[in-house]
Amino acid sequence: MMQPVAGVAPPPAPMAAQPAMDQQQWGMMAPPQPVWNQQPQPQQQQQQQQLAQYQAAQPASADEIRTLWIGDLAYWMEESYLHSCFAQTNEVVSVKVIRNKQSGQSEGYGFIEFVNRSAAERNLQAYNGTPMPNVADQTFRLNWATLSSGERRSDESSDFTIFVGDLASDVTDYTLQETFRVQYPSVKGAKVVTDRDTGRSKGYGFVRFADESEQVRAMTEMNGMFCSTRPMRIGPATNKKSMVSSKGKIIYPFIIFYIWLNFSLVGCCLSIVEFYGKWLILILIYASVCWVVIACEIS
DNA sequence: CCTGAGCGG
């Protein structure tokens, strides 16, 4: 097995043909211009100084989310590739590609840490869904990184989401978000669900609100309103919070509830068991097992 | 195309 050479260029796609293609792809997709693109390019030293000043002026708080998750990475896309994609912004703190511990092969995703949250936000808006350099027919798949389990906030659950269907094919995360943000300032973000193979919109998506009252209002006020060329169909988003096994067969809280219920029943009946005899205990245990089995089958 | 799918040290 031949190991890929470290670098930004994939084996089948030479760098030579790249600059012109980059221009064309970026021009066609017309991503929103981030702030750093509107400034004249200074010298390297000045850039470093500006970065230092920027970080000093807006220090990132310790609990600020400023890391993006990136997926759909090809095996040859290493840290150097990701750096070449984002480092020009001078806002990247670190990049990391997650690899299999045994084989060392990329797991196909990684993390990009920025100097602060707003920098991460700008890059997320600018790059998500736009073509990746040096590869045909692939777009950046970016999202906010979830906090690792240890530092996850307990009160973070202010997440009120609506489902938006009947979307036109040209609606992006950004346009969907802005459609709602003009009326509902608490909009935290929007996501259009796309087909992983084609990259095309599946015609539906989700909008998240920080404020529950705005979520409720939007459910009625925005239903039938136009986003791009078509009216939206809005409904409540099904909660993805409940733990579901990979095949969606077992709902754990459901089972835990049944186990608790059955133990409670057994406990209550133990107090009167002397009047009915010890065989009742066996019957109750048998019934409890049956209930759990039935609960599993139903769910 | 009509209720997403991926997250380390």
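Just so we're on the same page: letters track the sequence lines, and every chain starts at 1. Since this is a predicted model, take the numbers as computed values, not measurements. Reckoned from all heavy atoms, side chains included, excluding hydrogens, waters and symmetry mates.
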What is the distance from [atom1] of [X] to [atom2] of [N], rounded to the nearest Å?
X: A:Trp69; N: B:dA5; atom1: CH2; atom2: P; answer: 11 Å
X: A:Leu167; N: B:dT3; atom1: CG; atom2: C1'; answer: 12 Å
X: A:Glu79; N: B:dG8; atom1: CD; atom2: P; answer: 15 Å
X: A:Leu176; N: B:dT3; atom1: CG; atom2: C1'; answer: 14 Å
X: A:Arg99; N: B:dG8; atom1: CZ; atom2: P; answer: 15 Å
X: A:Glu78; N: B:dG8; atom1: CD; atom2: P; answer: 20 Å
X: A:Glu107; N: B:dG9; atom1: CD; atom2: P; answer: 10 Å
X: A:Lys101; N: B:dC7; atom1: NZ; atom2: C1'; answer: 13 Å

Using the test side-chain hydrogen bond (donor to acceptor under 3.5 Å, both in side chains), find all partners of A:Ser186 that sit at least two apart in sequence or belong to another chain.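 Partners of A:Ser186 by the side-chain hydrogen bond (donor to acceptor under 3.5 Å, both in side chains) criterion, ordered by chain and then number, come out as A:Glu214.
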A:Arg196, CZ: over 12 other non-hydrogen atoms inside 6.0 angstrom: no
By nearest atom, which of the nucleotides B:dC1, B:dT3, B:dG9 is closest to the A:Arg200 side chain?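 Comparing B:dC1, B:dT3, B:dG9 against the side chain of A:Arg200, the answer is B:dC1.
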The side chain of A:Lys202 lies closest to which of these nucleotides: B:dT3, B:dA5, B:dG8?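 It is B:dA5.
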With a 4.0 Å cut-off on heavy atoms, is [X] in touch with a base, just the backbone sugar-phosphate, or nothing at all?
X: A:Asp166; answer: base
X: A:Phe163; answer: base
X: A:Ser201; answer: base
X: A:Asp195; answer: nothing
X: A:Arg141; answer: base

Using a cut-off of strictly less than 4.0 Å, decide whether A:Lys191 has a side-chain nitrogen or oxygen near OP1 or OP2 of B:dG6.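 A:Lys191 to B:dG6 OP1/OP2: no side-chain N or O under 4.0 Å.
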Less than 5.5 Å between centroids and less than 30° between ring planes, does A:Phe111 satisfy that with B:dG8?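 Given the distance and angle limits, yes, they stack.
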Over-ring placement of A:Arg66 relative to A:Trp144, 6.0 Å and 45° cut-offs: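 Because its charged atom misses either the 6.0 Å distance or the 45° angle limit, A:Arg66 does not stack over A:Trp144.
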Could you grab the distance from atom CG of A:Leu68 to atom CD1 of A:Ile112, nearest 0.5 Å is fine? 6.0 Å
Does A:Asp166 have any salt bridge (charged side-chain N to carboxylate O under 4.0 Å, His left out) partners at least two apart in sequence or in another chain, and if so, which?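 Applying salt bridge (charged side-chain N to carboxylate O under 4.0 Å, His left out) to A:Asp166 gives A:Arg233.
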Determine whether any donor atom in the side chain of A:Asn143 lies under 3.5 Å from an acceptor atom in the base of B:dG6, or the reverse, and answer yes or no.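 Side chain to base: pair found, below 3.5 Å.
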